[in-house]
Amino acid sequence: MNFLAHIYLSGDNEMITIGNFVADAIRGNKYKLLSPEFQVGIKLHRHIDTFTDAHPIVRQSTKRLHKNYSHYSGVIVDVLYDHFLAKNWHKYSDIPLDIYIDNFYECLKGHVDILPERFQKLMPFMIADNWLLSYAEIDGIQRVLNGMNKRTNNKSKMNLATKELKEFYSEFEEEFTLFFEELIDTSNAKRIELEKVYNL
């Protein structure tokens, strides 16, 4: 899953949320040097990724893209699923998406000193261009895919994937909806389990 889903699945604890958000920048066992709440966020992130990558519904989505995007298909599906989360946000939260995202940005600003360097550099651009809110529109997803394609030196051609998004829009949305209900359940259960282990 991409940024918005990881943030949403973290619950209400700010440090767990930040740990989940930045987990890709924490390699191996380095998380053990961090606070218990941060460790829960990182472990939760890894659980979400493992569950997602192995799920047959997600594989059904990635299969639709594999011919044109090969091993980048999973990355693209992560982004597309964030689109459907943003678009259908009202089904998952009583807090309007723009307010939820503004609160998250304020949380990041308040803890910028503990963010990994990569995310300290990323944060101003994310906030200035309001990446998370832009996910709700196909134009926003196009901008995300453009940026990701540039980071592969234009080898991935991920910027072209909005074609498949539009062509198979209802199929992707249905797959996301079915999968995300399961992901919410397993993420909540894992978070509660981890909070007990760390006495939070």
Side-chain angles (χ1 to χ4, degrees), residues 1-59 61-62 69-82 85 100-101 103-127 131-132 135 144 147-153 155-156 158 176 179-200:
M1 300 303 290
N2 207 47
F3 288 139
L4 185 59
H6 277 293
I7 295 163
Y8 172 77
L9 294 167
S10 297
D12 298 326
N13 185 301
E14 287 189 354
M15 294 305 297
I16 292 176
T17 301
I18 293 174
N20 195 344
F21 174 65
V22 305
D24 283 337
I26 312 296
R27 299 298 181 189
N29 292 327
K30 290 183 179 179
Y31 70 90
K32 292 182 178 180
L33 303 173
L34 303 169
S35 73
E37 293 164 310
F38 218 95
Q39 291 187 46
V40 169
I42 291 166
K43 286 189 171 184
L44 178 59
H45 180 108
R46 293 177 179 179
H47 172 77
I48 290 167
D49 281 357
T50 299
F51 182 83
T52 300
D53 291 346
H55 201 284
I57 292 177
V58 177
R59 290 186 172 182
S61 292
T62 57
Y69 308 102
S70 187
H71 60 280
Y72 295 106
S73 300
V75 180
I76 295 169
V77 168
D78 284 347
V79 175
L80 301 190
Y81 278 13
D82 254 16
L85 174 56
Y100 183 92
I101 289 170
N103 289 341
F104 174 69
Y105 290 154
E106 289 304 311
C107 172
L108 282 187
K109 291 175 185 175
H111 297 94
V112 66
D113 56 311
I114 64 170
L115 298 179
E117 183 179 358
R118 168 185 158 192
F119 282 88
Q120 288 184 7
K121 293 178 179 178
L122 187 76
M123 186 186 76
F125 299 101
M126 169 178 273
I127 295 173
W131 291 0
L132 298 177
Y135 290 167
V144 172
M148 293 168 70
N149 181 55
K150 285 180 181 177
R151 288 193 288 278
T152 69
N153 294 317
K155 293 177 182 176
S156 68
M158 283 189 279
F176 162 78
F179 166 70
F180 200 63
E181 291 298 330
E182 292 187 39
L183 184 61
I184 289 171
D185 289 343
T186 187
S187 298
N188 286 341
K190 186 65 175 180
R191 178 171 45 78
I192 291 168
E193 173 194 321
L194 289 168
E195 287 173 343
K196 288 179 180 177
V197 170
Y198 283 87
N199 297 312
L200 299 180

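Note: hydrogens, waters and symmetry copies are ignored here, and every other heavy atom, side chains too, is used.
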Sidechain-backbone polar pair: [X] side chain, [Y] backbone, donor-acceptor under 3.5 Å:
X    : Y    : value
H45  : G19  : no
N20  : H6   : yes
T186 : E182 : no
T152 : N149 : yes
S73  : S70  : yes

Distance (rounded to the nearest 0.5 Å) between [X] [atom1] and [Y] [atom2]:
X    : Y    : atom1 : atom2 : result
Q39  : I26  : CD    : CD1   : 10.5 Å
R118 : D24  : CZ    : CG    : 6.0 Å
I101 : I127 : CD1   : CD1   : 11.5 Å
E14  : E37  : CD    : CD    : 9.5 Å
F38  : Y198 : CZ    : OH    : 12.5 Å
L200 : S35  : CG    : OG    : 8.5 Å

Taking all non-hydrogen atoms of both residues into account, name the closest pair between [X] and [Y] and its distance.
X    : Y    : value
I16  : S10  : CG2-O, 3.7 Å
G11  : T17  : O-OG1, 3.8 Å
L44  : L194 : N-CD1, 3.8 Å
N188 : R191 : OD1-NH2, 3.0 Å
P124 : Q120 : CD-O, 3.2 Å
I18  : C107 : CD1-SG, 3.7 Å

Do Y81 and T52 have side-chain N/O donor and acceptor atoms under 3.5 Å apart?
-> no

Quick one: does [X]'s side chain get under 4.5 Å of [Y]'s, heavy atoms only?
X    : Y    : value
L132 : I7   : yes
R46  : Y31  : yes
F180 : M1   : yes
Y69  : T62  : no
F51  : L183 : yes

Please identify each residue that fulfils salt bridge (Lys or Arg N to Asp or Glu O under 4.0 Å) with K190, with sequence neighbours left out.
-> E193

Check against side-chain contact (heavy atoms from CB on, under 4.5 Å), L9 and I184 | CA-CA 7 Å; L9 294 167; I184 289 171; 4.0 Å; yes

CG/D113: more than 12 non-hydrogen atoms of other groups inside 6.0 Å = yes

Would you please indicate if the ring centroids of Y135 and F3 are separated by under 6.0 Å?
-> no

